[in-house]
Structure formats: structure tokens, C-alpha cells
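In what follows, a structure is listed as C-alpha cells, so that the remarks can point back to it.
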Amino acid sequence: MRWFLSLAAAFFLAFGALAQTPAPAAPAASQQKIDDLVRLLQDPDIRAWLDTRAAAAPPAAKPAPAAESSPLAKWEAAARGRVHEILTAIPNIPTEIGATILRVRQDATSRGYAPVFVIFGGLVGLGLIAEGVYRKLAVRRETLIGRLIPIGIFTAAMAIVFFAVDWPPLARISLLAFLSAFVVFRVVAVLLAAASTPALRRRLTFIAGVLCLAISIAALGEPLGVSAPVTDAISYCFSAVVLLLAIEALWSTSGKTLSRKTALAAFLVLLWLIWCVNMRGLFWIGVYALALPSALNTVGRIAGSFVSDLSSLQGIIVVRGARAIAIALAVGWLVLVWQFNPDTLGRRDPIFAALFYGALKSILIIVVADFLWQLARGWIDRTIRVSTDTTSLAPADAARRARFRTLLPIFRNALAVIVAVMAGLIVLSQMGVQIAPLIAGAGIFGVAIGFGSQTLVKDVISGVFYMLDDAFRVGEYIQAKDYKGTVEGFSLRSVRLRHHRGPVFTVPFGELGAVENMSRDWVIDKFRITVGFDTDIEKARKLTKKVGADLKEDPELGKLFIEPLKMKGVEQFADYGIVLSFAMTTVPGMQTYIRRKAYAKIREVFLANDISFAQPMVQVGGDDKGGGAAAAQALRAQQAAATPAK
């Protein structure tokens, strides 16, 4: 510390000495010239002339920013240099490939091994022998797993020999790349065989083989000492071949119109150009936009082959889960492409990068929301289907299932709205939108709707309480005010009634009022029959009891009765006969059908036992000649009064 303070003191003393040292005196002639210049500058005429020249002089131009410093210019320069480098490297491809093949061959033969292509053929032959033995011993299965297991045996046999032998370095990396490409090609061929037509399958299989070969050669470029420009040039040449094969497959196998084929071919060429200028992210987005819909259908069809019932919970998990995994893998690949290409044009713009990541996260959110919604909807639909079958069930269980049929559709609609709103808000949040004001605004908007739409709120709340009170269920026949019919379904604010003659009423819950449910538990049906005054009442009662027993024993009608048909007795004495009252207790909704059967049976039995039905009669007496006409007129009036108005 003392040394540091001493050094600082010496520095400040030296600086003060330099500051106090007098400057050398200026020569007299120079001083005289300076005095003359000062006098001239103080002259008003000179100063006015200088101000005029300064105002007339053009403003100094600001230095223009270098165009090369913009992100677009840098990307354009990099893309131009890359294309020039690849075009320059194309003539060197044969020389580089020949030197690489010779280098790998010498590396293998100098250590006592055969050339790489001979070793490759031997390993493939060994794998095929193991696969053939498995095919002879195992039961052949035509399922997807059954076709993939032999490829697994083939791969395992080659892998055991490959990892058991200490191959030369260059030969080892070459064998690993080509054997992996061969195995991947076989797996892709099996998947394509299960998912495409024969003509398209052959072309897609050939394209897959070219792609596997191109990827393996590109991966071997750096380990085998091939220069990067030549490796890129080889990749570009293979990409051009794949492009031509894809266009040929499109024109040969697609059943689309000429304009659509032309548009798709142009889109493929555009994707290839995008890939050539190193816009990999945009390239893969275009590939997914073109191939992902059909790929998802293929994945779903392959996954569905592993389950027996696609509508079951297991089927939904397998099929929808497989599609969700495929989409997640596509999103993950886009993230990797984005991360490993720092020279991409969009990477230099933070706003574009934020939107890109927000879009990818939004896709995953939508996939998860769709998966959860499909699970919930599948469970609800399956429960509704099961609840429709109420045969051989106790009344309490049948009522519970009917309640499910009533409430679950409303719950499904509400759940759909909740999932859609929640997913939409999360997506907006990931895209950088502040959702707090939206939520607050939605609350205020909801209050405004509550005050301004009192009828709507009344309908919704009334529907909630109708459901809580279990006033009616789907399939029941109800009557409310002037509306009656079978309940077909619900919405949040209304019920849909199907009249027995066909018309459909959509009635808001707030308009229902008191509901008369005609389909709950049981129904007592009463009707009357008028017989003659000379009828034996006891005989009619016994015959009615026998009719009720016969109907109860009927295999079709017996299960519809709760209490059999009985005659209650004499209801009244009418003008033309005795009115007898009948009653029976049946299951809801079947009373009219049973009453018709009972009418026919009672008529048949009464006529067979000499019980006559009452008929309107008028007796005319005396010698009044106009009495007959008056009696006929009175009879017609009574008949008209007795006929119900239509």
C-alpha cells in the first residue's frame, strides 16, 4: 500500500511540474499575424460576408450506413457465397469421391481386411440368413409388428458381428453409416407397404432409398476427410434427383387435375429452392404443410390396427396419442433446425424469433387440448350410447341412465367451450398478447350481457334448475303450456320437442313454466264404454277381468303392464245406456297402444257373450205427421253435438 501511495504521489508531482512549465514564447512575426487576423474577424463587413457564405453552403451529408450491415444483405451475401462455392465444388466431386474410396480401401486392406463393400455384403448376408431362419421357425404374421420383427432379427445379427470385430477406423464409420441407412430403408419400406397403393408404394420406396443413401453419404463427408463444399455439392445433387423423382411420382400416380398437379410441382420446386438457399426452417414448414395431413392419417391408420375398437378409451389414446406424438416430433425437429442454423434470416430478428417459438408452443398447446377433448368427448359419447339401452334394468337404473342422456350433452357442450377458451387464451399468451386485459374485459362484457340480456340469462338459469330438479329427460314425452312432444335434446337455453305428429318445437327454458311429464315411472290409463241398459254388470266385470288376464299373459304386451286391465264399475247412467269405467297401469308411453288392443279385445268378448253396446235411439209416438221429421232433426243435432270438432 505504501508503494502504491508513493507511486501515485510521484505521478501527481510530475504532472504538476509539467503543468507549471512555461510554454515557449511565440515568435514576434507570428504574433503580429494573429493580431491582424483577429482584427479582420471583428470587422462587421467581414463577419457579414462569412455569415452569407455559411448560409449558402449546402448542409454536410451524413455518412450513409453500409448496406452490407443489414441482416438481409448479410443473408444474401452468405447465400450467394454458398451457391457459388457449391457450383465451384461440383466438378471436384469425382476426384474427391475417388480419393475417399481409395483411402478407405487402403485403410481396410492395410490391416488385413477385405474392402468395405465386401464386408458390407457379408454382414448383410449374415443378417439375411438369421432372418430366414427366424421366418422358418416362427409363425408368419401379416400384421405390422409381424413384418417388423424379422427386420429386428436382421439388425441384431449384423450388430452382434459388427460390434464384436475391431474394424479399421475408416471402415468402421463407413459400415456403420451404410448399415444404418439400409436398416432404416427396410423399416420405411415396411411402413410404406402398409400405408400406400402399389404404384405409389414403389416410387416412394425408391425415393426413400435415395434419401437414405444421400443422408449416409453426407454424414460420412467430414469423418472420411471430404471437403465441406464437396459434401454440400453431393447433397445438392441428391436433392435435385429426389425432386425429379417426387415430381415424376406426382404426375404418374396422382389422380388430381392438371392444374393441381402443376401447382404441387411448382410448390415442390419452390421448396427445393428454399432448401438450396439454406432457409431450412421455412423448408421444413413447407414440407409439413404438404405431407403432414396425409402422414397423420397414415399414422392414425397404423396405430388403429393395434386396437379393436377405435371409439373405446384405449383406441382414442392410441390413435390420438400417435398423431399427437407425430406432431410433437415435427415441432421438435423444427426447433432443432432453428437452433442448429444460426445464419437463418429470422434468427437475427428477435420479434420473428419470439413469434416462431410462440407458434410452436401454440401448436403443442392445441395438440394437448385436442387430445384431452377427444378423451372427454369419447367418454361422454360412449356413456350416452350405453345409457340408451335400458332393457332388463331396474327402474332406478333406467332412470339414472336417462338422466345421463339428459345431462351429458349439456356437459359436453360446456366442456367444449371451456377447453376452446382456455386453449385460446394460452395460445394468445404464448404469442406475446397480454391476456389480463382480455380477461378483465370479458368480465365486464359478461356483466353487461347479464344486465342487457335478462331473457337469455333467465333461460339459462331456468334450464339449470330444470336439470337439477330432474323435470324431464331425453326421450320423455312432456307438455308445457301449448307445447308438447318427446324431448330430443338440449342446448344451453332451450329444449327441442318432437310432437307426435312430426313438428319440432324449440322452446326456451324460460317459456316452459310448469312441465307435465307423461313418461315418468308409470301411467294410469282410464277409458269408458257405454253398454245397453239390460247389460249384466257382474258378467261384464268378469269378462273384463279375463280380458285383462289375457293381455297380461301376451308375450308382447305383458311386459308393458304394471297393473292389468280392470273394470272399475258403473260411472253413470247416460241417455242411451250404462257408462262403464275401465283402468289399467302401464309403462309410460305405451298406454295408447295397449288401449287400442284392449278395445278390440273387449268388443270381441262382449259381442261373443251377448253384451250389446248402447246406440242413440229416438222414439216417436202419436199421430203427429211432423213428428218423424222433428225426431230426425233432433237426432242429427245430437249426433252433431256428440261429434268432436276437428
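For R382, the salt bridge (Lys or Arg N to Asp or Glu O under 4.0 Å) test picks out no residue, with sequence neighbours left out. With sequence neighbours excluded, no residue forms a side-chain contact (heavy atoms from CB on, under 4.5 Å) with N413. Under the side-chain contact (heavy atoms from CB on, under 4.5 Å) criterion, V419 pairs with A369, W373, L415, sequence neighbours left out. Partners of K361 by side-chain contact (heavy atoms from CB on, under 4.5 Å), not counting sequence neighbours, listed by chain and number: Q430. With sequence neighbours excluded, the residues satisfying side-chain contact (heavy atoms from CB on, under 4.5 Å) with L292 are Y288, L296. Qualifying salt bridge (Lys or Arg N to Asp or Glu O under 4.0 Å) partners for R377, counting only residues two or more places apart in sequence or in other chains: none. Scanning for salt bridge (Lys or Arg N to Asp or Glu O under 4.0 Å) contacts around R412 gives D381, with sequence neighbours left out. Residues passing the salt bridge (Lys or Arg N to Asp or Glu O under 4.0 Å) test with E222: none are found, sequence neighbours excluded. For Y466, there are no side chain to side chain donor-acceptor pair (under 3.5 Å) partners, not counting sequence neighbours.
Listed by first and then second residue, the side chain to side chain donor-acceptor pair (under 3.5 Å) pairs involving residues 179-190 are E131-R186 (not counting sequence neighbours). Applying the salt bridge (charged side-chain N to carboxylate O under 4.0 Å, His left out) test to residues at least two apart or on different chains, the pairs with a partner in residues 244-254 are R203-E248.
Shown are L211, L204, I207; of these, the side chain to side chain contact (heavy atoms under 4.5 Å, CB included) with L245 is made only by I207. With respect to V367, the side chain to side chain contact (heavy atoms under 4.5 Å, CB included) criterion is satisfied by exactly one of L372, V331, I325, I327: I327.
For D459 (side chain) and G510 (main-chain N/O), a donor-acceptor pair under 3.5 Å exists by modelled atom type. In terms of modelled atom types and a separation under 3.5 Å, the side chain of S429 and the main chain of L425 share no donor-acceptor contact. No side-chain donor-acceptor contact under 3.5 Å links R260 to the backbone of L264. Side chain of N517 to main chain of A471: a donor-acceptor pair is present (N/O by atom type, distance under 3.5 Å, no hydrogens or angles). Between the side chain of S252 and the main chain of A249, no donor-acceptor pair closer than 3.5 Å is present.
Around CE of M422, the count of heavy atoms belonging to other residues, nucleotides or ligands within 6.0 Å does not exceed 12.
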Quick one: side chains of residues 265-277, donor-acceptor pairs under 3.5 Å with protein atoms, not counting sequence neighbours, listed by atom name and distance.
residue	atom	partner	partner atom	Å
W272	NE1	S239	OG	2.9

>> Between Y477 and H500, does the side chain to side chain donor-acceptor pair (under 3.5 Å) criterion hold? Intermediate values first, please.
In response: CA-CA 9 Å; Y477 193 91; H500 58 272; 2.9 Å; yes

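In this structure, CZ on R320 lies 5.0 Å from CG on D370, to the nearest 0.5 angstrom.
In this structure, F206 has its ring center at least 6.0 angstrom away from the ring center of F185.
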